[in-house]
Amino acid sequence: ASYTIVEKDTCIACGACGSAAPNIFDYDDEGIASAILDGNMGIIAITADLEDDLMDAFEGCPTDSIRVSEEPFEGNPNKFE
Ligand code: F3S
């Protein structure tokens with residue numbers, strides 16, 4: 001299983017992730033992204049049917065703000081950095 005979380009401090013609101021994975025990422029009023037399934041905590045596993053979208057978003061983020069791991073992030077985007 002994969003978990004995902006957005007590092008909001010480096011997100012530049014480019015909008016790519018929500019296009020690639022609209023069921024996983026959405027934006028706040030300023031366009032900063034977050035993972036919608038678990039309030040950007042990175043604790044709910046992404047289902048297999050969304051895995052391709054997730055990897056598209058991961059690879060497409062220009063600032064590497066989307067983190068993906070096989071272990072939960074517990075709310076810390078830099079847990080595995
Ligand atoms: Fe931000 Fe990257 Fe998405 S810059 S809007 S997290 S593609």
Side-chain angles (χ1 to χ4, degrees):
S2 297
Y3 299 83
T4 188
I5 189 170
V6 176
E7 171 51 281
K8 292 171 172 250
D9 289 348
T10 55
C11 172
I12 57 171
C14 83
C17 54
S19 295
N23 294 314
I24 304 175
F25 301 104
D26 201 359
Y27 314 108
D28 68 14
D29 290 345
E30 296 176 333
I32 302 300
S34 62
I36 54 180
L37 294 175
D38 52 19
N40 207 50
M41 291 291 288
I43 54 175
I44 294 179
I46 302 299
T47 51
D49 58 310
L50 295 178
E51 194 83 22
D52 286 350
D53 284 0
L54 174 61
M55 293 319 293
D56 286 347
F58 174 71
E59 291 166 4
C61 179
T63 59
D64 293 330
S65 298
I66 294 177
R67 306 282 151 73
V68 175
S69 170
E70 293 182 359
E71 301 291 329
F73 287 91
E74 315 287 359
N76 178 5
N78 299 310
K79 184 175 180 188
F80 305 111
E81 296 296 297

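By convention here, the first residue in the shown sequence is residue 1. Indexing begins at 1, ligand by ligand and atom by atom, following the structure's order. The structure presented is a predicted model; accordingly, all values stated were derived computationally and were not measured.
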Colleague: Can you list the residues that meet the side chain to side chain contact (heavy atoms under 4.5 Å, CB included) rule with Ile12, with sequence neighbours excluded?
Modeller: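 Result, side chain to side chain contact (heavy atoms under 4.5 Å, CB included) vs Ile12: Cys14, Pro62, Thr63.
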Colleague: Can you tell me how far the SG atom of Cys11 sits from the CD1 atom of Ile32, to the nearest 0.5 Å?
Modeller: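 So the SG of Cys11 and the CD1 of Ile32 are separated by 4.0 Å.
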Colleague: Quick check for you: to the nearest 0.5 Å, what is the distance between Leu37 atom CG and Ile43 atom CD1?
Modeller: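 Nearest 0.5 Å value for the CG-CD1 distance: 10.5 Å.
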Colleague: Provide the closest heavy-atom pair for Leu50 versus Asn23 in the form atom of the first, atom of the second, distance.
Modeller: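 Residues Leu50 and Asn23, closest heavy atoms: CD2-ND2, 3.8 Å.
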Colleague: Under a 4.0 angstrom heavy-atom cut-off, which atoms of ligand 1 come close to Thr63?
Modeller: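 Listed by number with element, the hits are 4 (S).
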Colleague: Please list, chain by chain and in numerical order, all residues satisfying side chain to side chain contact (heavy atoms under 4.5 Å, CB included) with Glu81, sequence neighbours excluded.
Modeller: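 Residues passing side chain to side chain contact (heavy atoms under 4.5 Å, CB included) with Glu81: Arg67, Asn78.
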Colleague: Which pairs, with at least one residue in residues 17-67 and sequence neighbours excluded, count as a ring-ring contact (aromatic ring centres under 6.0 Å, His included)?
Modeller: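 Every pair satisfying ring-ring contact (aromatic ring centres under 6.0 Å, His included) with a residue in residues 17-67: there are none.
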Colleague: So which heavy atom in the protein is nearest atom 4 (S) of ligand 1, and how far is it from that ligand atom?
Modeller: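 So the nearest neighbour among protein heavy atoms is Ile12 N, 3.4 Å.
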Colleague: May I ask you to list the protein N, O or S atoms found at less than 2.8 Å from atom 3 (Fe) of ligand 1?
Modeller: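 Protein N, O or S atoms closer than 2.8 Å to atom 3 (Fe) of ligand 1: Cys17 SG.
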Colleague: Please name the residue in the list Leu54, Ile66, Ile36 that meets the side-chain contact (heavy atoms from CB on, under 4.5 Å) test with Ile24.
Modeller: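 Exactly one candidate clears the test, Leu54.
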